[in-house]
Amino acid sequence: MGNYQARKIEQKWQKVWKATGLHKVDLSDSGKKYYSLVMFPYPSGDKLHVGHWYNFGPADSWARYMRMRGRNVFEPMGFDSFGLPAENYAIKTGVHPRESTAKNVSYMVGQLSEMGAMYDWDKAVTTSDLSYYKWTQWVFLQLYKRELAYKKNAPVNWCPSCQTVLANEQAQDGTCERCKSEVEHKDLSQWFFKIRDYAESLLDHSDLDWPEKTKAMQKNWIGKSMGIDISYDVEGVSDKISVYTTRPDTNFGATFVVVAPESECVKKNSDKFEDKDAIAAYIHEAGKKTDIERIAEGRKKTGVFTGLHALNPLTDKKMPIYVSDFVLAHVGTGCVVGVPGSDIRDFEFAREKELEIIRVVVGSDGDESEIIKPEQVQEEEGKMINSEFLDGMDIHKATEAIMDHMEEKGWGKRVTNYKLRDWLISRQRYWGAPIPIVYCEKCGEVPVPEEDLPVELPMDIEFKLKGDGKSPLYHSESFRNCKCPTCGGDAEREVDTMDTFMCSSWYFLRYPCSKMTDKPFDKDVLDKWLPVDMYIGGPEHACMHLLYARFVTMALHDMGHIGFKEPFKRLVHQGMVTKDGAKMSKSKGNVVSPDEFVEKYGSDVFRMYLMFMGPFTDGGDWNDKGITGIARFVERFWSVVNGEEKVSDNNLLTKNLHKLIKRITEDIEKMHFNTAVAALMEFINFVMKNGIDKPAKKVMVQLIEPLAPHLAEECWEILGEKCNIVDSEWPSFDAKLIIDDRVKIGVQVNGKIRGEIEISKDAKQDEVVKMAQELPNIQKYLLEGKVVKEIYVPGKIVGFVIK
RNA sequence: GCCCAGGUGGCGGAAUUGGUAGACGCGCUGGAUUCAAAAUCCAGUUCUGGCUAACAGAGUGCGGGUUCAAUUCCCGCCCUGGGCACCA
């Protein structure tokens with residue numbers, strides 16, 4: 001026999017599997033279909049790191065388990081290959097993104113092949129391939145046709161020195177990553193998708209087997225609220241000012257109005273402001289801050305008085321109007337009414353500007369005094385005071401009453417608001433799918449006809465930053481200049497590319513149809529194979545990617561392109577693998593490659609070690625200290641399979657084997673791979689003492705198949721089986737065989753364990769109590785007082801309460 | 001700041017319709033084997049006291065509470081991680 005030659009055996013089976021097409025899926029047979037998907041990787045210069053393995057290994061184990069349960073499993077893989085890092089690399093080194101991406105992809109394909117997963121490479125997609133992004137552009141056109149795409153001005157991070165747009169990542173701490181200049185905001189005309197139109201549909205998770213926390217995060221992200229838009233007259237100005245509030249009940253306490261620096265209201269009325277220079281300077285400064293900074297509670301509030309006043313019709317009070325950066329233009333109407341007695345940020349602002357603070361809600365402490373402490377602001381329950389006809393009502397009733405009142409008077413209108421913003425897809429970058437729009441002087445904005453797709457990304461691009469603020473594609477004359485599809489006259493192409501989230505919002509629809517050239521996908525095929533049965537990926541995608549993918553799927557459904565509304569039936573998030581407590585990234589220099597471990601221990605050991613680290617959904621900090629434990633286990637497993645077949649206790653073997661089947665089955669169902677490995681270790685420890693027979697060996701080998709597929713395949717062959725083990729039937733257990741006749745239970749006195757007894761599983765309470773009482777150590781305690789209660793939880797615990 | 005998770009031995013973790021906390025593995029200690037080492041095998045291993053015992057006390061981030069009994073349920077904190085819309 002000898003030691004287990006992991007590398008040799010793994011390469012042998014990978015070759016066989018490839019040659020026999022074991023992992024190719026017949027998509028015409030959808031009867032027992034199972035679409036098992038992982039979020040596809042970005043082909044970065046770091047290649048695959050241990051985090052990918054942590055994710056992909058168990059995902060493949062799951063797919064293998066489902067295949068052994070008789071499902072026709074489709075497990076595709078691909079690359080999300082457009083994006084910023086390849087472009088930055090090009091700017092630095094001059095290497096074309098197409099080249100560096102192709103290199104990274106081919107290296108990663110090699111790494112993934114060594115894993116031995118069941119990927120059907122015939123169906124692979126690479127989003128930067130012409131044959132893929134052609135259809136990303138097609139998806140854009142569908143959304144455009146449906147009037148879900150539109151253009152408007154929106155701010156970008158702008159480096160005044162480099163004269164270029166920066167990603168958030170390049171603008172951390174408000175300075176440019178390259179030159180350290182202070183980052184400013186600049187408005188550009190950009191494309192958006194109306195994801196807000198789908199806010200209600202996206203809030204409906206009722207048919208989704210998703211983690212509760214993910215649903216909660218999406219719900220909070222969408223942020224539905226019911227409130228009222230109130231219009232106030234502004235003294236000396238013809239236009240009214242409109243504010244959105246969810247707490248109109250507090251409006252008798254309104255003492256000022258605040259408008260966002262970038263709001264329409266500021267733009268429209270700037271000529272009427274008192275100190276125009278001060279306000280212009282303030283707006284400029286606000287542009288340098290991030291939203292998170294601006295809205296943080298506890299931060300010192302700043303602002304400039306406009307000289308204008310809004311009139312509160314409830315109180316006839318003149319409310320001064322301020323410009324302040326703690327209000328954001330894209331939230332609600334970009335204007336808020338200041339109620340410092342009931343909102344903590346308004347409270348902070350009022351203190352700063354010495355504005356009137358009125359108590360209108362009495363909270364649980366019953367305090368009605370005029371002076372309000374910060375902790376009394378923002379009461380979630382309470383009743384109204386100082387609010388005329390609302391006085392005495394609880395805040396919820398008052399909210400309804402005042403909204404009725406305001407609507408009757410014509411001062412306001414009930415509205416539903418969402419925090420969700422429309423999806424900004426324009427990117428002023430090269431390495432992305434061009435937006436298929438043409439601008440013609442005569443015809444205006446014209447979508448590229450579907451038959452003219454793809455709009456091909458040009459190669460004649462110089463990556464060095466031009467410093468003229470234009471998108472890279474602007475500089476390709478051959479790309480930019482074109483003929484109008486409608487009138488044939490001279491026209492210019494849109495030079496922005498699409499957000500890469502656009503590529504990943506539909507790739508799962510392309511996999512089953514990846515080779516089609518005349519259409520993005522076939523409705524019949526997709527209606528059979530989708531939704532995805534299991535989708536595995538990181539929780540960091542809870543709000544963005546997963547909402548975008550749902551939105552695109554819903555929109556395509558509503559246009560009749562596909563017959564299902566939701567893309568992902570079941571969702572599981574793997575945990576994140578960190579290194580020294582931090583997310584692995586090139587900038588931190590803490591990326592750990594799986595290659596040396598695969599080389600040294602083999603794919604199976606490495607995969608099982610990652611599983612054994614802890615629960616799949618938890619992740620953890622990477623270290624390689626325990627990997628020898630798994631290597632030892634594999635050696636022992638190997639020697640048991642190859643060892644003699646002699647058993648000292650047959651009944652015990654059967655019982656433990658059936659217990660093992662139960663545990664592994666349940667653990668895999670719950671994705672608790674760590675305890676599945678532990679259970680196998682316990683079983684091996686047991687059979688090393690007790691011995692094993694051939695049928696038990698076979699079951700044991702089947703049970704390890706999802707976790708260590710190469711090892712299992714080799715053992716399966718050694719045990720004389722002909723078929724591939726992944727096509728053997730998952731073992732079942734007999735519940736009757738795993739019942740323990742005798743169990744050890746603890747004996748408690750006043751809740752503390754004082755002894756242990758062994759009882760028969762159907763022993764009666766009297767019997768058990770009597771046995772417990774007879775223990776010398778228990779007698780000692782029983783003599784100390786009077787027994788007031790005897791407790792017996794069958795099979796679990798026996799206890800006495802004494803006084 | 002806001003939203004969502006998580007905190008258990010020297011380390012990774014196990015155990016939750018409340019019922020013997022620490023399975024499994026790493027590491028460590030002792031032993032066997034060996035000229036020696038590696039590898040392997042056997043035994044021990046939460047901490048404190050105690051005779052390497054019986055047993056007792058403490059113990060699941062911190063402070064309270066409910067209960068015969070709390071890692072598990074409730075209230076209030078602290079810390080760490082993820083996300084916050086141009087990294088993907």
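Heavy atoms only: backbone and side chains are in, while hydrogens, waters and symmetry mates are out. Note that this is a predicted model, so its numbers are computed, not measured. Order of the sequence lines sets the chain letters (A, B, ...), proteins ahead of strands, with each chain counted from 1.
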Practice problem: Tell me what A/G799 touches on the nucleic acid: a base, only sugar-phosphate, or nothing, going by heavy atoms under 4.0 Å. | Solution: nothing
By nearest-heavy-atom nucleotide on RNA chain B, the more 5' of A/K789 and A/K752 is A/K752
**OP:** Scan A/F633 against the nucleic acid and name what it touches under 4.0 Å (heavy atoms): base, sugar-phosphate only, or nothing.
**Re:** nothing
- Contact class for A/N685 (heavy atom, under 4.0 Å): base, sugar-phosphate, or nothing? sugar-phosphate
Students often get this wrong, so: under 4.0 angstrom with heavy atoms, is A/V749 touching a base, only sugar-phosphate, or nothing?
nothing
Partner of B/U33 under the Watson-Crick or G-U wobble criteria, both distances under 3.5 Å, comes out as none
For A/K219, report the nucleic acid contact type (base, sugar-phosphate, nothing); a contact means any heavy atom under 4.0 Å.
nothing
Closest to the side chain of A/W221, out of B/C87, B/A85, B/C4, is B/A85
ask   = Under 4.0 Å: is that the gap between some side-chain N or O of A/N3 and OP1 or OP2 of B/U40?
value = no
Ignoring hydrogens and angles, are the base of B/C86 and the side chain of A/Q170 linked by a donor-acceptor pair under 3.5 Å?
no
Ranking B/C68, B/C84, B/C24 by distance to the side chain of A/M681, first place goes to B/C24
Picking from B/U40, B/A58, B/C87, the nucleotide nearest the side-chain atoms of A/L84 would be B/C87
Picking from B/A56, B/A23, B/A85, the nucleotide nearest the side-chain atoms of A/L420 would be B/A85
Of B/A85, B/C24, B/A14, the nucleotide closest to the side chain of A/P615 is B/A14
Open item on the list: What contact category does A/I627 fall into here, base, sugar-phosphate, or nothing, at under 4.0 angstrom with non-hydrogen atoms?
Closed with: nothing
For B/G81, the nucleotide meeting Watson-Crick or G-U wobble distances (both under 3.5 Å) is B/C4
Atom NZ of A/K300 and atom P of B/G1 are separated, to the nearest Å, by 19 Å
task: Could you tell me whether the side chain of A/E293 has a donor or acceptor atom within less than 3.5 Å of a complementary atom in the base of B/G1?
output: no
B/G57 -> Watson-Crick or G-U wobble partner, both distances under 3.5 Å, gives B/C47
From the candidates B/C87, B/G19, B/A88, the one with an atom nearest any side-chain atom of A/D80 is B/A88
Heavy-atom closest pair (A/T101 atom, A/S128 atom, distance to 0.1 Å) is CG2-OG, 4.1 Å
Of B/G27, B/G82, B/C86, the nucleotide closest to the side chain of A/E540 is B/G82
Taking B/A56, B/G12, B/A88 as options, the one with an atom nearest any side-chain atom of A/Y781 is B/A56
Regarding the side chain of A/N220, the nearest nucleotide among B/U20, B/C3, B/G83 is B/C3
Problem - A/W210 ring center within less than 6.0 Å of A/Y535 ring center - result: no
Pairing partner of B/G10, by Watson-Crick or G-U wobble and under 3.5 Å for both distances, is B/C26
Requested in this report: Under 4.0 Å between any heavy atoms, over every strand shown, what does A/T214 touch: base, sugar-phosphate, or nothing? Just pick one.
Outcome: nothing
Exercise for review: Decide yes or no on side-chain contact (heavy atoms from CB on, under 4.5 Å) for A/W53 and A/V577, but give the supporting numbers first.
Suggested key: CA-CA 10 Å; A/W53 270 74; A/V577 181; over 6 Å; no
TODO: Examine the side chains of A/D422 and A/Y150 and answer whether a donor and an acceptor come within less than 3.5 Å of each other.
DONE: yes
Next item on the list: Could you tell me whether the side chain of A/Q190 has a donor or acceptor atom within less than 3.5 Å of a complementary atom in the base of B/C86?
Entry: yes
Please classify the nucleic acid contact of A/I292 as base, sugar-phosphate, or nothing, using heavy-atom distances under 4.0 Å. base
Mate of B/A38 across any strand shown (Watson-Crick or G-U wobble, both atom pairs under 3.5 Å) is none
Ranking B/C68, B/G82, B/C24 by distance to the side chain of A/Q748, first place goes to B/C68
